[in-house]
2 protein chains.
Amino acid sequence: MNSSRPVTIKDIARRFRCSPSTVSRALNDHPAINEDTRKNIQEYAKEVGYQRNEVSLSLLNKKTASLGVVVPTISNYYETAVIEGLHTVLQPMGYTLNICVTNESYLLEKESLSKLLSNRTEGIFLSVSQETYDAGYYEHLENVIQRKTPLIFIDREYEDFETSRATVDDYHGAFAAVEHLISIGYKQIAHLKGPNGLTVSEQRFKGYINCLKKYNMPIREDLILNTNFNVESAILPTKRLLELASPPDAIFGVNDQVAIGAMRVAKDKGLRIPQDIGLVGFDNSPISAYTFPSLTTVHRPGRKIGMEASRLFLNQLNGSGDFAPESIVLPSELVIRESSLRI
Amino acid sequence: MNSSRPVTIKDIARRFRCSPSTVSRALNDHPAINEDTRKNIQEYAKEVGYQRNEVSLSLLNKKTASLGVVVPTISNYYETAVIEGLHTVLQPMGYTLNICVTNESYLLEKESLSKLLSNRTEGIFLSVSQETYDAGYYEHLENVIQRKTPLIFIDREYEDFETSRATVDDYHGAFAAVEHLISIGYKQIAHLKGPNGLTVSEQRFKGYINCLKKYNMPIREDLILNTNFNVESAILPTKRLLELASPPDAIFGVNDQVAIGAMRVAKDKGLRIPQDIGLVGFDNSPISAYTFPSLTTVHRPGRKIGMEASRLFLNQLNGSGDFAPESIVLPSELVIRESSLRI
DNA sequence: GAAATTTTTTCAAACGTTTGCATTCAATAT
DNA sequence: ATATTGAATGCAAACGTTTGAAAAAATTTC
């Protein structure tokens, strides 16, 4: 018994000894269908659990109502916030989100994009992987462009493409964070930087550097160490910082995770925060408000980025032929909490 | 210029004055194709960026290689870990994951499932929404079962269905957590419970209660308060606990977020952890190892759950007609850290 | 050089649905 | 009785691909 085979329009047509067209029209409330016919067919369809095969419709209409979201990871708060933002706007419009995680791998990114194109995804939201960024490859993207599939960059971007992009103003966020530390009176401000090469890392780094310069503060190479965005990766660098002959009196972490790692190490050393050492993170993740002391950070509007990116996509979709890519840069906002409020 | 229309097999056929079948076979390295023809066609296809239309293939083969993942939220560590686990196993097999977020809403869950079925998804991983759970509706699930689309429950489950399910042993995890607190010498153990009705909440609650019973400790209703899984929701209940005439000397939080919220409130009150009050969470989220003090918690293997769920799906798919649903219960594991180690 | 064989290509159907146009049939108008 | 209308339904093509079977072309054999 093949009760598992989904019932089709043809099955219903056979049952009513009519043509598939009639069934189709009846189900879609077409006016030129006899009222009785319509009712009977609709009732029967419901009874047997008929469900339109969207695959065939996709083929016919060349519309799949599915969108690709290609991200390096989904295990950070920010990324999930972005996805939620996309969801909020696009799910109600009937779009389905195909989430592809690249794990920072170029190959996976390439395969994911190729798959999405094959599946005739109608748009792609992309935050390029670190490997892609490092290698500077972009061939796999040419492909997307050539297809005229709307491509929206999120946060991590290529300068070379004529595409829309939604990013957070990392530079000014970082600048504000460091400026705040300076205004409080911290003199030796270290930076736990993100991986080299990524826009996010570099912009925040630039904000840090330029702010120091603006206030004529010395830039000490030994106070700049790399981390990998997660808590663990902050432990060793922080230890090294605190063991310096002339240790920093404040640390600006590339994100909250890193700052929380630093907080932990500082506390283990018996340092008081913010008296002995000031701390600032980036992201304004939910936990940052509840660490002890609470963490000064820079709010990064992930949900909004997702919603804005959706808007950019919709603009491009509905735009007339001569489409002009838009760049949205959302401001980031300093959130001052206890970890930097030395009185 | 319609350079945006994807190149089809027919286009290539026209170019080579041959039939679509020939092109198809050439592209698929069919043996019965002339070597030169094959090479020419493959070269040309590459040149013009031909990409197989998987939609048409889906229709033809009734295989979509796409799977649905329906979850209440993606903004917790655990959920994303599960998705990562699914990804790890299923992406390399060529499956695409359609992630649907229900926001704990029955209606969204119903619509998501219906959409997935319409799109002929080959399997569905479901963690039911709280509303669905509360209402006890299951009609939307009947539909999935009837279609014989493999349905795998994750964590939150219905007892009434003949489906596979992958869950964590919340009961014994909670039991072990409370037993640990007792063994340290804590006498008045409070519980910040999750929302009523959810398996996860109730199982942990049951573990808490039964452990207290086993050790003949009084069960105080005033030490059991509800939270909503997130940090904020723990603040007020914890305050209330600590203002009791006879306050608890330990708190078992339904998850790490809640425990971290409690930690914050306790510290604000000037309580020392673990000397004045012991704390235990649940999840073993990355941050829990780096709070100060670090948080004793129960490891919940999200990634593994995702991978096991994938296995259950594949079993059902490849299984012969008479499929027997499997239930996997992964053990949770107590991770003892500083927040409960009163000496 | 014709027959037999092998290689290569084409035909046609199929997947499920929609839709413009043609057709049927009954009812109304002349 | 016939032409005219209108309502209801059917036909056929289309979307892009694969595949068994048939046909055509090229090669080998005698």
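Reckoned from all heavy atoms, side chains included, excluding hydrogens, waters and symmetry mates. Quick caveat: nothing in here was measured; it's all calculated off a predicted structure. A note on names: the letters A, B, ... follow the listed sequences, proteins ahead of strands, and every chain is numbered from 1.
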Could B:Glu43 and B:Lys46 be called an ion pair, given the rule that one side-chain N must be under 4.0 Å from one carboxylate O?
no
Heavy-atom count around A:Tyr137 OH within 6.0 Å, excluding the residue itself: above 12?
no
Expected output: side-chain A:Gln42 to main-chain A:Ala26 donor-acceptor under 3.5 Å
yes
Here the distance between atom C1' of C:dT18 and atom CD of A:Glu54, to the nearest Å, is 12 Å
Among A:Val69, A:Leu116, A:Leu126, which one satisfies side-chain contact (heavy atoms from CB on, under 4.5 Å) with A:Cys100?
A:Leu116
Side chain proximity check, B:Thr73 to A:Thr80, heavy atoms < 4.5 angstrom
no
One thing to verify: whether A:Arg14 and A:Asp11 come together as a salt bridge, which I'm taking to mean a side-chain N less than 4.0 angstrom from a carboxylate O.
yes
Of residues 110-117 of chain B, the positions that come close to DNA chain C - non-hydrogen atoms, cut-off under 4.0 Å
none
Does this structure show an ion pair linking B:Glu122 with B:Arg120, if we count only N-O contacts that are shorter than 4.0 Å?
no
Under 4.0 Å between a side-chain nitrogen and a carboxylate oxygen: does that hold for B:Arg311 and B:Glu308?
yes
Output the rounded distance in Å from CG (A:Asp36) to P (D:dA8).
10 Å
A:Gln51 side chain to B:Leu117 main-chain N or O, any donor-acceptor pair under 3.5 Å?
no
Answer with yes or no after comparing the ring centroid distance for A:Tyr138 and A:Tyr106 against a 6.0 Å cut-off, counting only values under it.
no
Go along nucleotides 9-16 of chain C 5' to 3' and tag each nucleotide: B for a protein heavy atom under 4.0 Å from its base, S when only backbone or sugar atoms are that close, - otherwise.
BBBB-BBB
Strictly below 4.0 Å, heavy-atom distances to any atom of DNA chain C: list the hits from residues 39-48 of chain A, or just say none.
none
